[in-house]
Amino acid sequence: MLEIIEFFRKPASIAAFEAEFELEPSVLDELRRQAILVEAAHVDVLRGGLLTGATAPLGAKALLHDLGSKKLGDAAFAIFGAPFELGVTCDGGTRGGPTEIRGAFPLVADERGRFGATVLDVDARERITTDGLRVLDLGDLQALPHEGLDAVGARLRHVVAQILDASVVPIMLGGDHALTHFALEAAMAKHGALGIIHFDAHIDLNGTVSWLNHASVFAHALARPEVKALRQIGVRSLESLDEWQVAVPERKVSWVTAREVLRGLAPKSALSGLPRSIPYYLTFDVDVLDPQVAPETGAPVPGGLSLVDALSLVDAAARTFRIVGADFMEVAAGPNKRNFAAMATARVLAQFLIARCRRARLRPSSLEMSRRAAKRA
């Protein structure tokens, strides 16, 4: 190993190495997996470090380079935090979002990232079987001094790409909504054509400025040919037309407003018309909820969704479409001990994770049976 590292003291190609050494390719694969050897194009991305472990992980603690070596199954999710607010134009505080969401998460995972074999959703009157579900927490992207959005984005894109290459679904905890841009880029590079299901009070389609920010992220997304559909749910902001005069391809964009949801539009109807032949990226801005439900966010707008509405819609989206990535954004650290936006977002995140698990009708008698089984054990 020391001879190999010494050989690469000066950057060299794999072909040059193979001409010098007669070794099994698996040796180099292991060094790459451990990030001891990296491609020259990734040096700048990796130099400052990528992730630092979460103090209170949402799932089982895991390292990014271990994902590819684990047999995780089809229902595996990798959580990571992006504690940055480099693309905001309003009140800040969203860099505290990942910590706040983790602290409010309603379920506890074991050391392998599994929840209890059965989860009771009393509100929905359902017993949920979580066999096969794995949730791993990779920690947070490191914040480096004097770093700009592009530098953060390059590392974020790399992390999401690594998670996708391990056939795991990445879930980002934000952070401001501009960061979604880089996760989408990685998803497009992996999957090609995809759709976006976007929960927000705002349409985030400001195309009058070239620089990326939380209000222009989906104008940038729509400029990509890979994005085939954008369904925006819960939107309700009042905008000045002069600020939004940009060519938006109407065939790609559709809205379901907060008013329509509050008047009783069913989740199935809210998602109708979207093509089933492509994968989707789900992005959830907490300001889609009414400020009375989730006040700790940078740009609250009255008249938002209830938590019950959000749970039903996210659950339906996760059950209906193949979601290949997701994020939960714009939760801000608040002045009070309890962060209601974080509590609501954590509950929606939990619903997203368990959406595809098997369900059965919950009856009081089943609780009694569970107690008896526990006593026998």
Side-chain angles (χ1 to χ4, degrees), residues 75 106 119-130 169 171 194-205 218 227-238 250-294 300-330 340-341 343-363:
V119 172
L120 303 182
D121 186 344
V122 179
D123 188 32
R125 294 181 178 270
E126 291 179 334
R127 291 168 56 92
I128 300 163
T129 303
T130 62
V169 177
I171 299 178
L194 54 74
I196 303 170
I197 300 174
H198 170 210
F199 292 86
D200 206 321
H202 311 87
I203 56 177
D204 291 350
L205 291 171
F218 296 106
V227 175
K228 303 302 182 182
L230 171 64
R231 175 65 53 86
Q232 301 186 301
I233 300 175
V235 289
R236 59 188 183 278
S237 54
L238 194 63
E250 289 188 12
R251 61 182 178 81
K252 290 186 177 185
V253 183
S254 53
W255 297 340
V256 173
T257 70
R259 187 177 303 184
E260 289 165 341
V261 173
L262 293 172
R263 286 178 173 174
L265 184 70
K268 183 178 180 180
S269 299
L271 298 166
S272 66
L274 291 173
R276 301 287 187 93
S277 59
I278 56 174
Y280 282 82
Y281 185 95
L282 185 147
T283 177
F284 184 90
D285 184 329
V286 70
D287 68 26
V288 72
L289 299 174
D290 192 82
Q292 294 185 68
V293 178
V301 181
L305 305 188
S306 71
L307 179 57
V308 172
D309 290 328
L311 291 172
S312 297
L313 287 160
V314 168
D315 182 74
R319 288 163 65 87
T320 303
F321 302 101
R322 181 165 72 96
I323 308 294
V324 295
D327 61 52
F328 296 81
M329 312 301 282
E330 299 284 353
F340 291 98
M343 293 168 65
T345 301
R347 180 63 185 87
V348 175
L349 170 57
Q351 192 68 39
F352 175 78
L353 294 173
I354 63 176
R356 286 183 171 269
C357 295
R358 295 196 310 275
R359 308 178 187 195
R361 187 69 174 166
L362 174 62
R363 295 179 176 86

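Between the side chain of Lys228 and the backbone N or O of Ile278, no donor-acceptor pair lies under 3.5 Å. A side-chain donor-acceptor contact under 3.5 Å links Gln232 to the backbone of Ile203. A donor-acceptor contact shorter than 3.5 Å links the side chain of Arg236 to the backbone of Gly234. A donor-acceptor pair under 3.5 Å is formed between the side chain of Asp285 and the backbone N or O of Asp287.
Shown here for Leu362 and Val122, the closest heavy-atom pair between the two residues is CD2-CA, 4.0 Å.
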Side-chain polar contacts of residues 259-272 - donor-acceptor pairs under 3.5 angstrom, sequence neighbours left out - could you list them?
{"unit_1": "Glu260", "atom_1": "OE1", "unit_2": "Thr257", "atom_2": "N", "d": "2.9"}
{"unit_1": "Glu260", "atom_1": "OE1", "unit_2": "Thr257", "atom_2": "OG1", "d": "3.4"}
{"unit_1": "Ser272", "atom_1": "OG", "unit_2": "Ser269", "atom_2": "O", "d": "2.9"}

Exercise for review: Start with the C-alpha gap between Leu313 and Ile197, add the side-chain angles, then the distance that decides, and say whether side chain to side chain contact (heavy atoms under 4.5 Å, CB included) holds.
Suggested key: CA-CA 10 Å; Leu313 287 160; Ile197 300 174; over 6 Å; no

Practice item. I would like to know whether Val288 and Ile233 meet side chain to side chain contact (heavy atoms under 4.5 Å, CB included); could you show each step before the answer? Key: CA-CA 8 Å; Val288 72; Ile233 300 175; 5.7 Å; no

Practice item. Take Ile128 and Cys357, measure what side chain to side chain contact (heavy atoms under 4.5 Å, CB included) needs, and give me the verdict at the end. Key: CA-CA 6 Å; Ile128 300 163; Cys357 295; 3.5 Å; yes

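Applying the side-chain contact (heavy atoms from CB on, under 4.5 Å) rule to Ala355 yields the partners Asp315, Ala318, Arg319, Arg359; only residues at least two apart in sequence or on another chain are considered. Applying the side-chain hydrogen bond (donor to acceptor under 3.5 Å, both in side chains) rule to Arg347 yields the partners Asp121, Gln351; only residues at least two apart in sequence or on another chain are considered. Under the side-chain contact (heavy atoms from CB on, under 4.5 Å) criterion, Asp290 pairs with Gln292, Val293, not counting sequence neighbours. The side-chain contact (heavy atoms from CB on, under 4.5 Å) check on Ala294 picks up Val286, Leu289, Ala341, with sequence neighbours excluded.
We find the CZ-CZ distance between Arg363 and Arg125 to be 10.5 Å, quoted to the nearest 0.5 Å. Atom CG of Asp123 is separated from atom CG of Leu311 by 8.0 Å, given to the nearest 0.5 angstrom. Taking CE of Met329 as the start and CG of Asp200 as the end, the distance is 11.0 Å to the nearest 0.5 Å. Here the straight-line distance linking atom CZ of Arg231 with atom NZ of Lys252 works out to 15.0 Å at 0.5 Å rounding. In this structure, CG on Leu230 lies 12.5 Å from CZ on Arg251, to the nearest 0.5 angstrom. Taking NE2 of His198 as the start and CG of Asp327 as the end, the distance is 9.0 Å to the nearest 0.5 Å.
Between Val119 and Glu126, every side-chain heavy-atom pair lies at or beyond the 4.5 Å cut-off.
For residues 267-287, the ring pair (Phe, Tyr, Trp, His ring centres under 6.0 Å) pairs, not counting sequence neighbours, are Phe199-Phe284, Tyr280-Phe321, Phe284-Phe328.
For the residue pair His202 / Asp204, no side-chain donor-acceptor distance below 3.5 Å is found, with atom types taken as modelled.
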